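For reference, the structure is listed below as structure tokens.
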Protein chains: 2
Amino acid sequence: MGRDKKFTEQDLYAATKKILVKNGYQGFTFSLLAKELQVSRATLYKYYDNKDELITNYMVFEMDSFLEKLKEIDNYQNFEQQFDFLINIIFADSEIHQIRSMAFEIPATNEKVKENNLKLKSQHKDMYEMLQKFVSLGKVNHQLKADLPDPLILGLIFQTVDIPNHFGVPQVEWIASIKEIIRHGMFTKD
Amino acid sequence: MGRDKKFTEQDLYAATKKILVKNGYQGFTFSLLAKELQVSRATLYKYYDNKDELITNYMVFEMDSFLEKLKEIDNYQNFEQQFDFLINIIFADSEIHQIRSMAFEIPATNEKVKENNLKLKSQHKDMYEMLQKFVSLGKVNHQLKADLPDPLILGLIFQTVDIPNHFGVPQVEWIASIKEIIRHGMFTKD
DNA sequence: ATTAAAAATAACACTAGTGTTACTTATTAG
DNA sequence: CTAATAAGTAACACTAGTGTTATTTTTAAT
């Protein structure tokens, strides 16, 4: 028994994402979230002790679903296909990578937040290992330049989602061009 | 006459930069700045009506000195040298580019802030024009791939300063590798 | 020494966000 | 139809940051 909830977990996460993208971690408040969900602020405190707990919870959720997708990279035989797949899933939901980068700002205000931070750390490790395998494959196959530092290869790929497209270049052209630069650079061959 | 100032404009800008890098725009407060400069918070209000005025002022100052340096790009004859020069000045003070990206968060809280925002906008235009010239040179010389969108070329170059170097790859190797990727990509030639 | 001016500050009122408590509303099993 | 309970909320006390005013301190010219 008891009355019906006014919002689902989906609603909650969607609103959390929206506010994080728009306002950043420090600009995120329970007041804004309450308004977005059309509930009182006190209601939110029934579910989470503070915003850090909600946000880290949300991040763990997103990271989980990204890792789930990323696992499919092993379905692709050759390195070229894996590269294409990786870029595609990163750009399929580019905002969550922007959000993930806010993780380092979050103070461990209580036990649950600490747990979530640990979980995030372990998820990050899992992700890094999968990506490391991808880079290794590229290097042993002599398809990736051996002298480039692995963290730079991965860092640059993930950084490309944050390049602002102020002039509104069509998404398809934008991504194709990014792939081209990552593969063979901006310079011509002569 | 009158008593001596407790800090110079240099001190002020150095402290502003430090806090902006560490805490971001929203985490920047006059309390933190006052503590950093060892003055009372009220003192700061003698110089600036609010933090937006100070921060935009500081940004105009930094942008000015960056533009001054950037102008030297014309001293270099060929495109390759210009490219090298550009990367070098960007990485010489990478933090200011991170700070510059905070500009869009700043609300125009008073007239002076509005003026500063206009000035920033015009500086940005100047910068873009110089960089546009650089890209054009590369394209007419057939040294830059003609089919890549100009804003992507520039956006990606500037984005590379924000790639986190968590594993502490030596700066020289890091930058050399970034140049290599931008020039000819991560992939080998076969 | 006195005084005018610049610089600095303490202290106040105000605002926005936080977290908690006591109470109300909606739902359904019996 | 009523009792149990899950869900929701209003209202309070608290904190951190903002912006202003009235006052004090330091300096140097007279």
Side-chain angles (χ1 to χ4, degrees), chain A residues 1-16 18-58 102 105-116, chain B residues 1-16 18-58 102 105-116:
Chain A
M1 45 174 91
R3 69 198 274 190
D4 294 346
K5 294 192 178 182
K6 291 182 78 179
F7 58 89
T8 65
E9 194 175 54
Q10 280 221 336
D11 296 336
L12 178 65
Y13 282 165
T16 300
K18 182 174 171 181
I19 296 171
L20 279 179
V21 168
K22 190 170 173 198
N23 300 71
Y25 166 71
Q26 296 189 90
F28 183 103
T29 68
F30 268 14
S31 306
L32 285 171
L33 185 60
K35 192 192 272 183
E36 181 73 28
L37 290 170
Q38 311 211 64
V39 295
S40 79
R41 200 168 51 82
T43 300
L44 299 173
Y45 282 97
K46 292 279 144 126
Y47 295 91
Y48 299 94
D49 285 353
N50 56 42
K51 73 169 182 173
D52 302 311
E53 204 179 302
L54 162 61
I55 292 173
T56 52
N57 244 37
Y58 166 67
M102 298 172 191
E105 298 186 60
I106 304 176
T109 41
N110 71 32
E111 257 333 293
K112 290 181 204 155
V113 178
K114 262 182 214 165
E115 271 175 51
N116 285 338
Chain B
M1 43 173 95
R3 69 196 272 191
D4 294 345
K5 293 194 180 184
K6 290 183 77 179
F7 56 89
T8 66
E9 194 175 55
Q10 278 221 338
D11 295 336
L12 177 65
Y13 282 166
T16 300
K18 181 174 172 180
I19 295 171
L20 279 178
V21 168
K22 190 172 174 195
N23 300 72
Y25 167 70
Q26 296 190 91
F28 183 103
T29 68
F30 268 13
S31 305
L32 286 171
L33 184 61
K35 192 191 274 181
E36 181 72 29
L37 291 170
Q38 310 212 63
V39 294
S40 81
R41 200 168 50 81
T43 299
L44 299 173
Y45 282 96
K46 293 280 145 137
Y47 296 90
Y48 299 94
D49 286 352
N50 57 43
K51 73 170 183 173
D52 301 312
E53 206 179 300
L54 162 61
I55 292 173
T56 53
N57 244 36
Y58 166 68
M102 299 172 190
E105 297 186 60
I106 304 176
T109 41
N110 71 34
E111 257 333 293
K112 291 181 205 155
V113 178
K114 262 181 213 166
E115 271 176 52
N116 285 337

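Being a predicted model, the structure only gives us computed values, none of them experimental. Per chain, numbering begins at 1; letters A, B, ... match sequence-line order.
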Between Glu115(B) and Lys112(B), is the salt bridge (charged side-chain N to carboxylate O under 4.0 Å, His left out) condition met? List the steps. CA-CA 5 Å; Glu115(B) 271 176 52; Lys112(B) 291 181 205 155; over 6 Å; no
Could you check if a side-chain atom of [X] sits within less than 4.5 angstrom of a side-chain atom of [Y], using non-hydrogen atoms only?
X	Y	result
Phe30(B)	Leu54(B)	yes
Leu37(A)	Phe7(A)	yes
Thr16(B)	Phe28(B)	yes

DNA chain C: 5'-proximal contact among Ala42(B) and Gly2(B) (nearest heavy atom):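 On the 5' side of the pair lies Gly2(B).
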With nearest nucleotide decided by heavy atoms, which residue, Val39(B) or Lys51(A), maps closer to the 5′ end of DNA chain C?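 Looking at the nearest nucleotide for each, Val39(B) comes out on the 5' side.
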Selected nucleotide, minimal atom distance to Lys5(A) side chain, candidates dT18(C), dT18(D), dA7(D):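 When the side chain of Lys5(A) is considered, dA7(D) is the closest of dT18(C), dT18(D), dA7(D).
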If you check every side-chain atom of Arg41(B), which of dA10(D), dA11(C), dG19(C) has the closest atom?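 Comparing dA10(D), dA11(C), dG19(C) against the side chain of Arg41(B), the answer is dA11(C).
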Stepwise side-chain hydrogen bond (donor to acceptor under 3.5 Å, both in side chains) check, Tyr25(B) with Asp52(B): CA-CA 9 Å; Tyr25(B) 167 70; Asp52(B) 301 312; 2.3 Å; yes
For Glu53(B) and Asn116(B), run side-chain hydrogen bond (donor to acceptor under 3.5 Å, both in side chains): C-alpha distance rounded to whole Å, both residues' side-chain angles, the deciding distance at 0.1 Å, then the answer. CA-CA 8 Å; Glu53(B) 206 179 300; Asn116(B) 285 337; over 6 Å; no
For DNA chain C, find the residues of residues 28-37 of chain A with a heavy-atom distance under 4.0 Å and give them by number; none if there aren't any.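 When residues 28-37 of chain A is checked for heavy atoms under 4.0 Å from DNA chain C, the hits, listed by number, are Thr29(A), Phe30(A).
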To the nearest Å, give me how far apart [atom1] ([X]) and [atom2] ([N]) are.
X	N	atom1	atom2	value
Leu54(B)	dG19(D)	CG	P	12 Å
Tyr45(B)	dC12(C)	OH	C1'	14 Å
Ile55(A)	dT18(C)	CD1	P	10 Å
Leu44(A)	dT20(C)	CG	C1'	14 Å
Asp52(B)	dG17(D)	CG	P	16 Å
Asn110(A)	dT20(C)	CG	P	10 Å
Tyr48(A)	dT20(C)	OH	P	17 Å

Is the backbone N or O of Val39(A) less than 3.5 Å from a side-chain atom of Lys6(A), with the two atoms forming a donor-acceptor pair by type?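 Side chain of Lys6(A) to backbone of Val39(A): no pair is present.
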Once you apply a heavy-atom cut-off of 4.0 Å, does Tyr47(B) come out as touching a base, just sugar-phosphate, or nothing?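 Sugar-phosphate, backbone atoms only, no base.
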Protein-nucleotides 23-25 of chain D N/O pairs closer than 3.5 Å?
| residue | atom | partner | partner atom | Å |
| --- | --- | --- | --- | --- |
| dT25(D) | O2 | Arg3(B) | NH1 | 3.0 |

Is the NZ or CZ atom of Lys18(A) both under 6.0 Å from the centre of the six-membered ring of Tyr13(A) and within 45° of that ring's axis?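 Pair Lys18(A)/Tyr13(A) does not count as cation-pi.
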Both Asp49(B) and Phe7(A) contact DNA chain D. Taking the nearest nucleotide for each, which residue is further toward the 5' end?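 In this pair, the answer is Phe7(A).
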Would you please test Tyr47(B) and Asn57(B) for side-chain hydrogen bond (donor to acceptor under 3.5 Å, both in side chains) and show each step? CA-CA 11 Å; Tyr47(B) 296 90; Asn57(B) 244 36; over 6 Å; no
Does the side chain of Thr43(B) get closer than 4.0 angstrom to OP1 or OP2 of dA8(C) through an N or O atom?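 For dA8(C), neither OP1 nor OP2 has a side-chain N or O of Thr43(B) closer than 4.0 Å.
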